[in-house]
There are 2 protein chains.
Amino acid sequence: MVLGRDSAPEGNRVNKGAGKAATIRDVARVSGVSVGTVSRSLNAPDTVRPGTLGKVRAAIQSLGFQPDFRAQNMRRRNTMTVGFVIDDIANPWHASCFKAVDAEMRQRGFSLYLMSTNGKASEEAAAIDMLQHGRADGVIMTINNEQDARTIKRLKELRIPSVLLDRDIPLEIDAVLTEHATGLRQATSYLIGLGHRRIAIITAGRDIRPGRERVRGFVEAFEKAGLPVPEDLIRSQSLSVDFGFREATALLQAPDRPTAIIAAGNRILVGVLRAIQQQGVSVPGDISLIACDRSDIALLYPGPITLIDRPVEDIGRTAAQLLLERLSGQSERPAQRIAFPTHLIMGGSCLPVPK
Amino acid sequence: MVLGRDSAPEGNRVNKGAGKAATIRDVARVSGVSVGTVSRSLNAPDTVRPGTLGKVRAAIQSLGFQPDFRAQNMRRRNTMTVGFVIDDIANPWHASCFKAVDAEMRQRGFSLYLMSTNGKASEEAAAIDMLQHGRADGVIMTINNEQDARTIKRLKELRIPSVLLDRDIPLEIDAVLTEHATGLRQATSYLIGLGHRRIAIITAGRDIRPGRERVRGFVEAFEKAGLPVPEDLIRSQSLSVDFGFREATALLQAPDRPTAIIAAGNRILVGVLRAIQQQGVSVPGDISLIACDRSDIALLYPGPITLIDRPVEDIGRTAAQLLLERLSGQSERPAQRIAFPTHLIMGGSCLPVPK
DNA sequence: GGCTAGATTGGAAACGTTTCGATTTCTGGC
DNA sequence: GCCAGAAATCGAAACGTTTCCAATCTAGCC
């Protein structure tokens with residue numbers, strides 16, 4: 001490879017406009033046909049005679065013509081773009097979900113706008129506003145608060161199809177959900193089976209579906225076992241690292257410390273582990289731990305952590321498909337809600353309670 | 001909040017087209033001025049008389065008019081969109097970088113396409129192709145192989161401004177770099193100072209700048225100390241988890257096991273830790289470890305790992321600014337290369353070599 | 001009140017495509 | 001070789017903005 005030499009001739013020109021690009025008109029002129037025929041050669045080649053097609057293609061080739069995307073958007077009234085709105089792309093679950101959505105969308109010619117809202121309702125509203133009026137054809141999103149009036153209003157007035165991820169809103173919007181309640185019931189029952197009674201759960205607030213459902217599953221497990229629900233150990237407020245850290249610290253320092261913690265949330269787990277480390281507690285020796293969602297840390301933390309998994313690729317792919325269905329135009333079906341099951345992956349972070 | 005009731009009336013209509021949106025023509029008609037004046041009211045309000053402006057604004061308000069983004073793109077010949085091309089958004093460093101770029105760009109009205117190429121040259125080429133011809137105004141990217149002919153060719157012919165992240169290519173392209181060599185020299189010297197001689201480095205191949213530079217810094221540290229370079233412990237090939245795992249496993253099983261490993265790469269660290277865990281080795285008791293870049297795992301792995309940090313926010317912001325400069329049009333300056341320093345953050349993963 | 005320069009406004013021409021009705025060119029059967 | 005019908009092509013009208021030139025208005029000055 002003689003890169004150095006090869007690139008020298010044009011080496012010191014910074015890429016920029018680089019002369020006018022050929023238009024469909026140029027192609028028409030060069031190939032001696034009308035503009036309409038060139039367009040049809042591109043979009044419906046079977047309606048143009050082979051001879052003509054050849055001439056057009058030759059002209060396209062020689063001019064290096066590529067249709068201008070903006071003009072196509074303008075005329076076709078779409079953008080082949082979809083917004084993916086979440087609170088934080090640094091959350092590995094969101095990153096995986098994005099990849100699944102992207103894979104599905106890209107192969108159909110769509111590009112994805114990624115908008116990370118930092119969990120702020122104002123940024124959320126701004127993101128939704130931005131996608132309207134011809135910036136995107138559809139949206140896939142996880143909003144931060146199912147009750148925020150501003151966001152609800154935006155969604156109600158949204159002019160493009162949308163799919164909610166793991167959120168539940170009293171509007172007719174497609175949604176892809178997770179059966180968090182089942183997962184938590186199962187995990188909690190497992191701990192109860194190991195003899196745990198003082199089990200804590202740290203998770204999102206009840207203002208979003210994952211918070212509500214997880215707490216519900218947690219409570220149901222105790223009820224099913226005929227045991228009193230440890231209300232004082234339910235910490236349901238936020239999915240943030242900080243919340244996880246704060247609550248875990250408090251729980252670990254309490255006189256009647258729990259024997260197990262369910263860190264029900266990706267980021268929460270990080271906070272919980274930080275607290276565990278800071279308090280010098282050992283897992284599973286001093287306390288049992290269950291996490292939610294795969295992540296580097298959950299799979300690796302000195303020994304894999306027992307966790308409630310969910311099929312993130314399926315979830316992403318399904319969200320993409322629901323949206324594509326609507327974007328393809330023909331489907332006027334009522335809104336659909338699809339839920340995916342979780343399953344418990346056994347790690348080494350849980351032990352039976354010593355007698 | 002009476003959500004249930006409020007949303008009932010429109011509740012069972014799935015969002016969709018929802019009637020024609022008002023155009024600038026409608027606004028002109030309603031406010032009794034010409035189309036041109038409406039446009040100027042929006043884009044240069046100080047050139048229209050206050051009275052007129054009032055009428056126009058009233059009409060806009062009453063019609064709920066918002067300019068059609070596609071038409072603006074068409075006419076203005078831009079898209080207010082920038083591509084962010086990387087190999088894997090699940091890499092937390094990339095996620096942080098994206099957020100920094102996004103913050104800077106969003107406040108100037110740009111949206112970001114995120115394209116995750118999975119490190120495949122074909123997807124990389126496809127991504128770059130896709131961004132051309134009016135789909136984006138510029139690109140920020142980390143390509144996967146600085147020697148791949150296909151990618152180089154794409155870059156050379158790219159018609160929109162671009163910024164490279166941490167890559168070095170013999171073309172006139174803006175780039176934001178990291179002084180990996182300095183970081184590695186420092187880290188290696190630190191280990192040498194602790195008495196280590198059998199120090200291994202696992203990092204990217206020499207086909208990309210981080211690989212080359214890191215190995216260079218590593219070698220220089222030995223030379224500066226007047227010590228022989230442990231060539232057999234330099235494993236420079238890929239940034240992947242798998243490579244980290246494979247090489248770490250081999251190193252740990254070797255008869256003359258190193259006393260320290262530098263896991264020079266975000267993902268590599270995950271692989272290395274997996275190997276360490278599987279081999280039942282303890283850090284820092286059995287082996288010292290240094291990582292690159294902050295991540296949940298580096299900060300948390302039973303005790304924070306000593307690591308070579310770099311200012312990811314500054315890097316992202318700078319990349320965005322370089323691009324914005326070019327996009328603003330007036331700057332015809334030669335390509336710029338800006339390098340950021342690293343610094344060593346002391347964790348607890350290194351110990352002196354016992355005599 | 002008339003004049004001029006400057007400030008506002010109107011109207012139309014782009015921007016590059018797709019699409020649709022009208023027109024031309026094939027094709028095959030006689 | 002002609003004709004009808006089908007197939008292919010042409011040409012022009014959109015799509016919704018911005019922008020430029022020309023036309024009109026306003027204010028200030030004498």
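In what follows, every chain begins at residue 1, and chains take the letters A, B, ... in the order their sequences are listed.
At the heavy-atom level, B/Arg77 lies under 4.0 Å from the strands shown only through sugar-phosphate atoms. Counting any heavy atom pair closer than 4.0 Å across all strands shown, A/Thr23 reaches sugar-phosphate atoms only and no base atom. In this structure, A/Phe69 reaches neither bases nor backbone, as no heavy-atom distance under 4.0 Å exists between it and the strands shown. Looking at heavy-atom distances under 4.0 Å, B/Asn43 makes contact with sugar-phosphate atoms alone, never a base.
There is no side-chain donor-acceptor pair under 3.5 Å between A/Thr79 and A/Arg135. Residues A/Asn118 and A/Glu123 bring a donor and an acceptor atom of their side chains to less than 3.5 Å of each other.
Comparing A/Pro50 and B/Asp68 along DNA chain D, the residue whose closest nucleotide (by nearest heavy atom) sits nearer the 5' end is A/Pro50. Nearest-nucleotide mapping onto DNA chain D: of A/Arg25 and A/Thr52, the residue sitting toward the 5' end is A/Thr52. Mapping B/Val35 and B/Ala71 onto DNA chain C via the closest heavy atom, the residue that lands nearer the 5' end is B/Val35.
With sequence neighbours excluded, the residues that form a side chain to side chain contact (heavy atoms under 4.5 Å, CB included) with A/Gln321 are A/Glu104, A/Arg317. In this structure B/Phe110 satisfies the ring pair (Phe, Tyr, Trp, His ring centres under 6.0 Å) test with no other residue, sequence neighbours excluded. Annotation: side chain to side chain contact (heavy atoms under 4.5 Å, CB included) contacts of B/Ser62 (sequence neighbours excluded): none.
Taking five base pairs at each end of the helix from C/dG1-D/dC30 to C/dC30-D/dG1 and finding the rotation axis that steps the C1' atoms of four pairs onto the next four gives two axes whose angle is 40°, to the nearest 10°.
For A/Asp137 (side chain) and A/Met80 (main-chain N/O), a donor-acceptor pair under 3.5 Å exists by modelled atom type. With A/Arg167 contributing its side chain and A/Ile143 its backbone, the two residues share a donor-acceptor pair below 3.5 Å.
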For a quick test of your reading: what N or O donor-acceptor pairs under 3.5 Å do the side chains of residues 94-102 of chain A make, sequence neighbours left out?
unit_1	atom_1	unit_2	atom_2	d
A/His94	ND1	A/Asp87	OD1	3.4
A/His94	ND1	A/Asp88	O	3.3
A/Ser96	OG	A/Pro92	O	3.1
A/Lys99	NZ	B/Asp88	OD1	2.9
A/Asp102	OD1	A/Arg106	NE	3.4
A/Asp102	OD2	A/Arg106	NH2	2.7

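For DNA chain C, the outermost nucleotides in 5' to 3' order that have an atom under 4.0 Å from a heavy atom of chain B are C/dT8 to C/dG16.
We find that CZ of A/Arg29 is positioned 15 Å from P of D/dG11, with the value rounded to whole Å.
In this structure, the ring of A/Tyr113 has its center less than 6.0 angstrom from the ring center of B/Tyr113.
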